[in-house]
Asker: 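Handing you a structure now.
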Amino acid sequence: MEGGHKNCGILLVSLVIIAGALPFCSSQTTRRFQFNVEWKKVTRLCTTKQLLTVNGQYPGPTIAVHEGDRVEIKVKNRIAHNTTLHWHGLRQLRTGWADGPAYITQCPIRGGHSYTYKFSVINQRGTLLWHAHYAWQRASVYGALIIYPRMPYPFSAQIQAEIPVILGEWWNGDPDEVERIMMLTGAGPDSSNGYTINGMPGPLYPCSNRDTFIQTVEYGRTYMLRIINAALANELFFAIAKHKLTVVEVDAVYTKPFTTTSIMIAPGQTTTVLMTANQVPDSTGMFAMAARPYLTSVFPFNNSTTISFLRYKNARNRRGKPPNLSSLKLYNLPAMEDTAFATKFSGNIKSLASPKYPCDVPKTIDKRVITTISLNLEDCPAKKTCLGYRGKRFFASMNNQSFVRPSISILESYYKNLTTTSFSSDFPEKPPNAFDYTGGDPLSQNMNTEFGTKLIVVPYGTSLEIVLQDTSFLNLENHPIHVHGHNFFIVGSGFGNFNKATDPKRYNLVDPPERNTVAVPSGGWAAIRIKADNPGVWFIHCHLEQHTSWGLATGFIVLNGQEPSQRLLPPPQDLPSC
C-alpha cells in the first residue's frame with residue numbers, strides 16, 4: 001500500500017488490529033492499494049486445489065481507510081478468466097464506474113489487463129467487505145473493508161483490539177463449475193463442503209485440526225469483533241460459548257447498543273459487536289466460537305458447523321490444546337431452524353438516531369414499488385433434458401421478471417445514450433397478478449417466468465419505497481437483498497402478505513435500521529425506503545449467489561440532478577471494454 005499519511009498510521013493491516021494503531025483522523029488523503037487476482041495452491045478439508053485469491057491471500061487483504069479518504073485500488077487480472085471486484089456497501093457517490101458488478105457498471109477486467117477503482121469514502125464509517133462480482137468468484141475472493149471514523153466511537157468501552165471475523169464457505173471443487181452445471185442442466189447447485197472462520201474450517205471437519213482460527217484474549221479486556229458474512233449461499237448464526245455480544249453497528253451504521261447471546265447474519269451483511277472476556281475458562285483455557293446455517297430452504301444444503309476458539313492468555317491449561325470434541329458444547333448457538341431467534345434479533349436492531357448520527361429516513365415517499373421475490377420452475381425446452389424438479393429448470397425472479405445480464409455495461413450504455421436493447425425502463429411496479437403470495441399449494445400454480453433486463457428509473461432526489469414480498473413458489477425462504485449505491489431504511493417487516501392499507505401504519509419512521517442488505521423474512525415481507533441521491537445505474541439482487549444466477553435481480557437508474565454535484569462523473573480512461 002502506498003500513500004500513507006504521517007498522522008494516520010499504517011493502513012494495510014494484519015488480521016488483529018490493536019486499538020489505537022489507527023488513530024482517528026480528520027484529514028483527507030489518498031490510499032493506494034495493489035490487488036493481483038491470481039491462483040494460489042491451498043489445502044483445506046483434505047483437498048489441495050488451485051484457489052482464486054487476491055495477492056495469494058485467503059481471505060484476501062484487509063483494506064483499512066479513514067472516513068473522508070480517497071481510495072485507489074489497482075486490480076491486475078493475472079488469470080485467463082474475466083473478473084471484477086465490488087466494494088460492498090460503499091456508496092460510490094457519483095462514481096458508479098467503480099462499483100464493480102459485471103455488465104451492470106462495467107465490462108469485466110479481461111485476463112492480463114488492469115483497472116483502477118477510484119472512489120471517495122464520504123460520510124461512512126464502520127465494517128464493510130469487498131468481494132469479486134463475476135460469476136461465483138466471490139466464493140474465495142473476498143476480504144474486510146474497514147473505515148475508521150473522523151470522531152471517536154459513540155460508546156465508552158475501552159477497546160483492547162479489533163478483530164475481523166469473516167465467515168465463508170469452502171468448496172473442494174470449483175464453484176464456477178458448480179454454477180455452470182447448474183445453469184446447463186436446470187438443476188439445483190451442489191452445496192459447499194464446509195464453512196470457515198477467517199478461512200479456517202476448524203476441527204469438526206476432516207484434516208482440519210490445524211486449520212483452526214484461535215484468538216488470544218486477556219481476562220477483563222473488551223474486544224471489538226467485526227463480523228462479516230462472506231458466504232456464497234447461507235445465512236449464518238454466530239455465537240461465542242458463554243459470552244455475550246453487544247451489537248453497536250451493522251453495515252457500517254451505528255446502532256442503539258443491545259446485548260445478545262448470538263447473532264444472525266445474512267450474506268453481504270456485517271455486524272460489529274463488543275465482547276468482554278469475563279468468563280472463567282476450564283482446563284483448556286478456551287471457548288468455542290461457532291457458526292452454522294440458518295435454514296429456511298427445502299433445497300439441499302451444507303448442515304455442518306464451523307468452530308474456532310477464544311484462548312484466554314495466562315489461563316492454566318494443558319498447553320493450550322482445544323477442548324475434546326466429543327464433549328464440546330456449543331453454548332449460545334441457535335438451532336438451524338430457529339426463525340424465532342432470527343426474527344427477534346433483527347427486530348432489536350435500531351439506528352442510533354443521535355444528534356451526531358441522525359436517522360434521516362424519508363417520512364413521505366414519491367414512489368412505491370411492490371415486488372415479489374420468487375423461485376421459479378420453467379418448462380424444459382423441447383428436445384432437451386432438464387434436471388430440476390419434475391424435469392423442469394430452476395430460475396428466480398422479481399415480479400415474474402428473471403433478470404438477464406446484457407453483453408455490455410448498462411451504465412456505459414445509459415451514460416453514452418447508446419441505441420441498444422441491452423435494457424429497458426419498464427420494470428413492473430407491482431406483481432403482474434395478485435394472489436396469496438405466501439399461502440396455498442405452490443406447485444399447483446404456473447411458475448414459469450419472463451426474461452429480460454427491465455429497470456426502475458427515478459429522478460434524482462426521489463424518496464423511493466420498495467416492498468420485497470417473499471412467495472411460496474417452491475418454498476418459503478429468507479432472501480438477503482442487497483442494494484448497490486445506496487443505504488436504505490428498513491421501515492417495516494412482517495410475515496404473510498404485505499397489506500398496503502394497514503402495514504404502513506405500523507412503520508418505524510423514528511429509528512429504523514439503516515443497512516445495505518436486508519434479510520427478507522421467510523414467508524414474509526420487508527419495506528425499505530431509499531433516498532435516491534446517487535446518480536447512476538445500481539444493481540438490486542439476492543445475495544444468495546445461486547438466486548442471482550437464476551435471475552433474482554433488477555436495478556434502478558437515478559437520473560442526473562440539476563446541480564453539477566448531482567451528476568454522474570465521466571468514466572475513467574482505463575474503464576474495461578467488452
Side-chain angles (χ1 to χ4, degrees), residues 14-16 39-53 56-60 136 138-144 163-175 177-178 189-217 225 227-241 262 265 267 281-295 300-312 317-333 336:
S14 60
L15 191 62
V16 178
W39 298 107
K40 174 76 172 181
K41 185 180 290 186
V42 176
T43 300
R44 297 288 188 276
L45 275 67
C46 317
T47 299
T48 299
K49 58 180 270 189
Q50 290 292 330
L51 186 71
L52 192 60
T53 69
Q57 299 179 40
Y58 173 65
W136 283 20
R138 75 173 181 89
S140 58
V141 179
Y142 59 81
I163 306 164
V165 178
I166 309 177
L167 310 177
E169 292 181 83
W170 171 269
W171 270 263
N172 287 337
D174 180 1
E177 184 67 6
V178 172
D190 289 340
S191 300
S192 62
N193 297 95
Y195 300 105
T196 59
I197 297 176
N198 290 335
M200 300 294 184
L204 296 184
Y205 296 99
C207 308
S208 299
N209 283 340
R210 294 187 177 183
D211 294 331
T212 301
F213 175 69
I214 299 176
Q215 175 63 49
T216 300
V217 297
L225 275 56
I227 307 168
I228 297 167
N229 187 346
L232 206 65
N234 285 280
E235 297 93 346
L236 296 167
F237 291 120
F238 173 84
I240 302 176
S262 58
I265 184 167
D282 61 15
S283 59
T284 68
M286 294 192 182
F287 293 91
M289 298 189 288
R292 67 162 56 119
Y294 167 41
L295 174 61
F301 74 106
N302 181 343
N303 66 352
S304 62
T305 300
T306 178
I307 62 172
S308 56
F309 294 99
L310 283 185
R311 176 168 57 199
Y312 273 62
N317 58 67
R318 297 189 298 269
R319 298 180 183 177
K321 292 183 178 180
N324 188 318
L325 297 182
S326 63
S327 60
L328 181 67
K329 294 183 179 180
L330 301 178
Y331 297 95
N332 297 345
L333 193 65
M336 285 187 293

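No hydrogens, no waters, no symmetry mates; every other heavy atom, side chains included, goes into these values.
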Asker: Ala291 and Leu167: which non-hydrogen atoms are nearest, and at how many Å?
Answerer: CB-CD2, 4.2 Å

Asker: Once you round to the nearest 0.5 Å, how far does CE of Met286 lie from OH of Tyr312?
Answerer: 12.5 Å

Asker: Do any N or O atoms from the side chain of Arg311 and from the backbone of Gly285 form a donor-acceptor pair under 3.5 angstrom?
Answerer: no

Asker: Shortest non-hydrogen contact from Ala231 to Pro267?
Answerer: O-CB, 3.5 Å

Asker: Is the backbone of Pro201 close enough, under 3.5 Å, to the side chain of Thr306 for a donor and an acceptor to pair up by distance?
Answerer: yes

Asker: Could you grab the distance from atom CG of Leu232 to atom CZ of Arg138, nearest 0.5 Å is fine?
Answerer: 4.5 Å

Asker: Looking at every non-hydrogen atom in both residues, tell me the closest pair between Asn193 and Gly173 and how far apart they are.
Answerer: OD1-N, 4.4 Å

Asker: Any side-chain donor paired with an acceptor under 3.5 Å for Asn302 and Glu169?
Answerer: no

Asker: Let me confirm one number: the CD1-CZ distance from Ile240 to Phe287, rounded to the nearest 0.5 Å.
Answerer: 10.5 Å

Asker: Taking the side chain as everything from C-beta on, heavy atoms only, tell me whether Ser140 gets closer than 4.5 Å to Thr53.
Answerer: no

Asker: So which heavy atom on Pro175 is nearest to which on Ala139, and how close?
Answerer: CG-CB, 3.6 Å

Asker: Any chance you could measure Asp190, atom CG, to Asn172, atom CG, to the nearest 0.5 Å?
Answerer: 11.5 Å

Asker: When you measure from the centre of the six-membered ring of Trp170, is the NZ or CZ of Lys49 closer than 6.0 Å and no more than 45° off the axis?
Answerer: yes

Asker: Does Leu295 form a side chain to side chain contact (heavy atoms under 4.5 Å, CB included) with Asn303? I'd like the steps, not just the answer.
Answerer: CA-CA 9 Å; Leu295 174 61; Asn303 66 352; over 6 Å; no

Asker: Under 6.0 Å between ring centres, would you say that holds for Tyr205 and Tyr195?
Answerer: no

Asker: What distance separates Phe213 CZ from Leu310 CG, expressed to the nearest 0.5 Å?
Answerer: 8.5 Å

Asker: For Ala241 versus Asn332, what's the shortest heavy-atom pair and its separation?
Answerer: C-ND2, 4.1 Å

Asker: For Arg210, is there any backbone N or O sitting under 3.5 Å from a side-chain donor or acceptor partner on Thr212?
Answerer: no

Asker: Does the Ser262 side chain pair with the main chain of Leu333, one donor and one acceptor, at a distance under 3.5 Å?
Answerer: no

Asker: Give the minimum heavy-atom separation between Pro164 and Ala144, together with the two atoms involved.
Answerer: CB-CB, 4.5 Å

Asker: Could you tell me whether a side-chain N or O of Asp211 sits under 3.5 Å from a main-chain N or O of Gly202, the two making a donor and an acceptor?
Answerer: no

Asker: For the backbone of Ile265 and the side chain of Asn229, can you confirm whether one donor and one acceptor N or O come within less than 3.5 Å of each other?
Answerer: yes

Asker: Taking the side chain as C-beta and beyond, is there a heavy-atom pair between Thr196 and Arg44 under 4.5 Å?
Answerer: no

Asker: Hey, could you give me the CZ/CG distance between Arg292 and Leu204, rounded to the nearest 0.5 Å?
Answerer: 10.0 Å

Asker: If the plane angle is over 60° it's perpendicular, under 30° parallel, otherwise tilted; pick one for Tyr294 and Phe237.
Answerer: tilted

